[in-house]
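Computed from heavy atoms alone, side chains included, the values below leave out hydrogens, waters and symmetry copies. Starting from 1, each residue takes its place in the sequence as its number. Here the structure is a predicted model, which means the values were calculated and not measured.
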Amino acid sequence: MTRLAAFAAAFLMATPVAAQDKEAMCDKTAAIVGKAVASRADGAAAEATVKAVTGSIDDADARYRPAVQPIVDWVYTLPEELLSDEVEVSYKEQCLAQ
C-alpha cells in the first residue's frame with residue numbers, strides 16, 4: 001500500500017491539522033475511502049461515486065468535500081481484488097501514522 005501512504009501523507013501535508021484533530025480527520029477521510037470502495041465494488045462509475053459521496057457529507061463536515069475527488073480517483077486505481085473493508089482500515093492506519 002505504498003501509494004496509500006503517499007496519498008495520506010500528501011493529504012495531511014496539504015491540510016494543516018492540530019494534533020488533536022488528526023484522529024478526527026483520519027476518521028472522516030477513512031469513511032470517505034470506505035464509501036468510495038463500496039460504491040466501486042457495487043459497480044458505480046467514478047463520477048457517480050464522487051457525487052454520491054460528496055452528497056453524503058453533511059454541512060458540519062463540509063471541509064472534507066474537497067478530499068472526495070482525489071480519494072475516489074485513488075480508489076479507482078486499486079486492483080479489484082483489494083476492494084474490501086481492509087482498504088478503509090489500512091488508509092486510517094497510514095493516516096494516523098503520518
Sub-3.5 Å donor-acceptor pair from the side chain of Ser90 to the main-chain atoms of Val87, do we have one?
no
Using 0.5 Å steps for rounding, measure from the SG atom of Cys26 to the CD atom of Gln94.
10.5 Å
Heavy-atom count around Asp85 CG within 6.0 Å, excluding the residue itself: above 12?
no
Measuring from atom NZ of Lys51 to atom CD of Gln69, what distance do you get when rounded to the nearest 0.5 angstrom?
11.0 Å
Can you give me every donor-acceptor pair (side chain of residues 30-39, partner residue at least two apart or in another chain, under 3.5 Å) with its distance?
unit_1: Lys35; atom_1: NZ; unit_2: Ser56; atom_2: OG; d: 3.1
unit_1: Ser39; atom_1: OG; unit_2: Thr49; atom_2: OG1; d: 2.7

Using the rule side-chain contact (heavy atoms from CB on, under 4.5 Å), only one of Asp27, Asp21, Thr29 pairs with Met25; which is it?
Thr29
Flag the pair Val50 / Arg65 as yes when at least one side-chain heavy-atom distance between them is below 4.5 Å, and no otherwise.
no
Is it true that a side-chain atom of Arg40 and a backbone atom of Val75 form a donor plus acceptor pair closer than 3.5 Å?
yes
